[in-house]
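The block underneath contains the structure these notes are about, expressed in structure tokens.
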Amino acid sequence: MTLRLYDTATREVRDFVPLEEGKAGIYVCGLTVQSEPHVGHVRSAVNFDVLRRWLTHQGYQVTFIRNVTDIDDKILAKAAEQGRPWFNLAYAMHRELDKALASINVLPPTYEPSATAHVPEMLELIQTLIARGHAYPAEDGSGDVYFDVRSWPAYGELTNQGVDDMAPAEDADPPMMARKRDPRDFALWKGWKKESEPESAAWPSPYGPGRPGWHIECSAMAGKYLGTAFDIHGGGVDLRFPHHENEQAQSRAAGHAFASYWLHNAWITTAGEKMSKSLGNSLLIPEVLKRVRGIELRFYMIAAHYRSHVEFSFEALDEAAAGFRRIENFLDRAAAIGIGHDERPTSPARVGAPADVPLPDAFVAAMDDDLGTPAAVAVLYDTVREGNKLLADGPSPALITAVRQVVDMLGVLGLDPTDPGWPSATSSSDSRMAAAVDALVQGLLAERADARVAKDWARADAIRDQIKAAGIEVEDTPAGPVWTLPTTG
RNA sequence: GGUGGGUUGGCCGAGAGGCGAGGCAACGGACUGCAAAUCCGUGUACACGGGUUCAAAUCCCGUACCCACCUCCA
């Protein structure tokens, strides 16, 4: 079985053939760090994290680059509004992003380059483009440099558009037209606007002080860290045009083969519209995590296909959380009869390691089919159901297999609850607390057991209610009563 | 105007010519002192109108509604 991926450029699902056997180079457009990350922002990171984990699991040596855009118009505008330096805002938002991604167990990329750290690389690329006749400095003294769209006949190939069919650019007004040869030409370099922009946002260049245009950073950084040809380029659908089209145009015009496959994830919207337009901040990651755990939020995103539009709702999120607890519940019940951590090696050790128990075929087939996580999750549930049946007969090799498969499947999806990547609930103070609570609850449970032997049901239920009032659930199992601290949903 | 996509049962969400993905919720049953958890069972859903076919949610034509992108939004 081979992995097949939907390639935006060819508009079809194709076999994944890496440039170099056994290796995969992936570049994903990260965020412009201009504001706190919301649910929509992190979907892309989760989707591509799954791609990365799957390739890794399948034995590929993956180099995963995700950039951070830390200088652009919006950052400058917002920083000015807030009266702080742009780099202060960008860095603060970058840290918020890191925190948000960590809270949903997105692995840190192999490297996370930022635009401001790669100005020389971008200038070099711009020079190449000018030398090849595909870019030109504006003649109005603005210090801008533009890509010459008309000089590149293939322009539009990624998004299947003809230059002449595109709507005229909004900025096709006289001042811009004085700079550009064609309204569709896009900025590679933006001359410093002394009157409105801080000097700290200007870098020296052969065209005068200025800052990079948006698209050039990705071309320069992908080239630097992955080479002039690499396997997969990813990002949100909105980036197809103009961002990715422009990236590809300028890279290829510079003589680089660039990406072999283009993958784009769909949006999460609320009330049918983009989150950036939504009111309030209830969808910021820290807010959402007050309602569900990070692992549940991640599960919610993985339960839908990455190319499917998701209409976000807290109801659906709660449902997903309830569904995920069913999986955890199986693992917990297995652990309670001794099939616990020893049988479920934590996923980081497993990533890349040959699995001693193979993943279910249906799961592999689902993942190979353009990362069919919904079907993969269905296999997960099938395995959990089988495991639950086996659980009734106590420990068995079949049960151990089921547990391992469930844990491995979860690991591939980045959803293994025992993965240390999750914010730990097992710090030493927590485990001491758990031991203390256990001692107290066990005392009560012993009393309840006595009452049950005496068939004093009223007393037994009263004790259970008392424990419940403290937020602890008691379940009677064949192996005796078990208490848990259910996650509030 | 151009480009890409969508409309599936109470809800979420897959599938892409035949065989009812999966989950949540609901109902019935088993288990239980009662619960909880778990297991078993129950639902004839594919926007609308035509067509192709032995067979259409799936292919074709048309219609309606919705969304995204078209120069710096994941």
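Order of the sequence lines sets the chain letters (A, B, ...), proteins ahead of strands, with each chain counted from 1.
Checking B/U71 for Watson-Crick or G-U wobble geometry (two distances, each under 3.5 Å) identifies no partner in any strand. Across every strand in view, B/G17 sits unpaired, with no contact that passes the Watson-Crick or G-U test at under 3.5 angstrom. Nucleotide B/G62: paired with B/C48 (Watson-Crick or G-U wobble, both distances less than 3.5 Å). Nucleotide B/A57: unpaired (no Watson-Crick or G-U wobble partner with both distances less than 3.5 Å). Taking a pair to require two hydrogen-bonding distances under 3.5 Å in either a Watson-Crick or a G-U wobble arrangement, B/G43 remains unpaired.
By the 5.5 angstrom centroid cut-off and the 30-degree plane limit, A/Tyr381 is classified as not stacked against the base of B/G22.
Taking the ring axis of A/Tyr136 as reference, the NZ or CZ atom of A/Arg181 stays within 45° of it and closer than 6.0 Å to the ring centre. Seen from the ring of A/Tyr381, A/Arg326 does not count as a face-on cation partner, given the 6.0 Å and 45° thresholds.
Candidate nucleotides B/C24, B/G5, B/A36 were compared by shortest atom distance to the side chain of A/Tyr6, and B/G5 ranks first. Out of B/G33, B/U3, B/C11, the shortest distance to the side chain of A/Asn160 is found at B/U3. Counting only heavy atoms from C-beta on, A/His41 has its side chain closest to B/A74 among B/U71, B/A74, B/C40. Closest to the side chain of A/Arg448, out of B/A37, B/G13, B/G33, is B/G33. Comparing B/U38, B/G23, B/G22 by their nearest atom to the side chain of A/Ala378 picks out B/G22. Out of B/A37, B/U38, B/G13, the shortest distance to the side chain of A/Arg326 is found at B/U38. Looking at the side chain of A/His215, the nearest of the listed nucleotides B/A74, B/C34, B/U71 is B/U71. In this structure, the nucleotide among B/C40, B/A14, B/G33 sitting nearest to the side chain of A/Ser308 is B/A14. Taking only side-chain atoms of A/His309, from C-beta outward, the nucleotide of B/G22, B/A37, B/C67 with the closest atom is B/C67. Distances were taken from every side-chain heavy atom of A/Arg333 (C-beta onward) to each of B/A37, B/A74, B/A14; the shortest belongs to B/A37.
Atoms CE (A/Met367) and P (B/G15) sit 13 Å apart, rounded to a whole Å. Between the CZ atom of A/Phe299 and the C1' atom of B/A14 there is a distance of 13 Å, rounded to whole Å. In this structure, A/Tyr306 places its OH atom 17 Å from P of B/G4, rounding to the nearest Å. For the pair A/Met409 CE and B/G22 P, the interatomic distance rounds to 15 Å; values are reported in whole Å. Distance CZ (A/Arg452) to P (B/A36): 14 Å, rounded to an integer number of Å. Rounded to an integer number of Å, the gap from OH of A/Tyr300 to C1' of B/C11 is 12 Å. Here the P atom of nucleotide B/G4 and the CD atom of A/Gln161 are 9 Å apart, to the nearest Å. Taking atom CD of A/Glu315 as the reference point, atom P of B/C24 lies 17 Å away to the nearest angstrom.
Here A/Asp72 pairs with nothing under the salt bridge (Lys or Arg N to Asp or Glu O under 4.0 Å) rule; sequence neighbours left out.
In this structure, A/Val474 reaches the bases: a heavy-atom distance under 4.0 Å links it to at least one base atom across the strands shown. Backbone-only engagement by A/His305 is indicated by non-hydrogen atom pairs under 4.0 Å involving sugar-phosphate atoms exclusively. In this structure, A/Gly162 reaches neither bases nor backbone, as no heavy-atom distance under 4.0 Å exists between it and the strands shown. At the heavy-atom level, A/Lys455 lies nowhere under 4.0 Å from the strands shown. Using a 4.0 Å heavy-atom distance criterion, A/Pro374 is classed as a base contact.
Checked against a 6.0 Å centroid threshold, the rings of A/Phe186 and A/Tyr146 do not count as neighbours. Checked against the 6.0 Å centroid threshold, A/Phe258 and A/His233 count as a close aromatic pair. You'll find the ring centres of A/Tyr300 and A/Phe312 inside the 6.0 Å limit. A distance of 6.0 Å or more separates the ring centres of A/Trp267 and A/His309. Ring pair A/His215/A/His244: centre-to-centre distance not below 6.0 Å.
On the P atoms, B/G17 is 23 Å away from B/G13, given to the nearest whole Å. Atom C1' of B/C61 sits at a distance of 16 Å from the matching atom of B/U53, rounded to the whole Å. When the P atom is compared between B/G18 and B/U58, the two are found 11 Å apart, to the nearest whole Å. For the C1' atoms, the distance from B/G9 to B/A47 is 14 Å, rounded to whole Å. Atom C1' of B/G41 sits at a distance of 24 Å from the matching atom of B/C46, rounded to the whole Å. Nucleotides B/C11 and B/G43 are separated by 14 Å at their C1' atoms, to the nearest Å. Here the separation of B/A37 from B/G23, taken at their P atoms, is 15 Å to the nearest Å. Atom name P, nucleotides B/A14 and B/A21: the rounded distance is 14 Å, in whole Å.
Dashed line: the shortest gap from a side-chain N or O of A/Lys468 to OP1 or OP2 of B/A36 is not under 4.0 Å. Put simply, A/Asn388 has a side-chain N or O that comes within less than 4.0 Å of OP1 or OP2 on B/C39.
Of the residues near RNA chain B, A/Ser313 and A/Val379, the one whose nearest nucleotide (by heavy atom distance) lies more toward the 5' end is A/Ser313. Comparing A/Asp238 and A/Val384 by the nucleotide of RNA chain B that holds the closest heavy atom to each, the one mapping nearer the 5' end is A/Val384.
A/Asp476 contributes no side-chain N or O that forms a donor-acceptor pair with the base of B/C31 under 3.5 Å. If you check distances only, the side chain of A/Arg240 never reaches the base of B/G4 with a donor-acceptor pair under 3.5 Å. You'll find a donor-acceptor pair under 3.5 Å spanning the side chain of A/Arg464 and the base of B/A35, going by distance alone.
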For residues 89-103 of chain A, please give each side-chain donor-acceptor pair under 3.5 Å, one per line with the distance, not counting sequence neighbours.
residue, atom, partner, partner atom, Å
A/His94, NE2, A/Glu112, OE1, 2.9
A/Ser103, OG, A/Ala100, O, 2.6

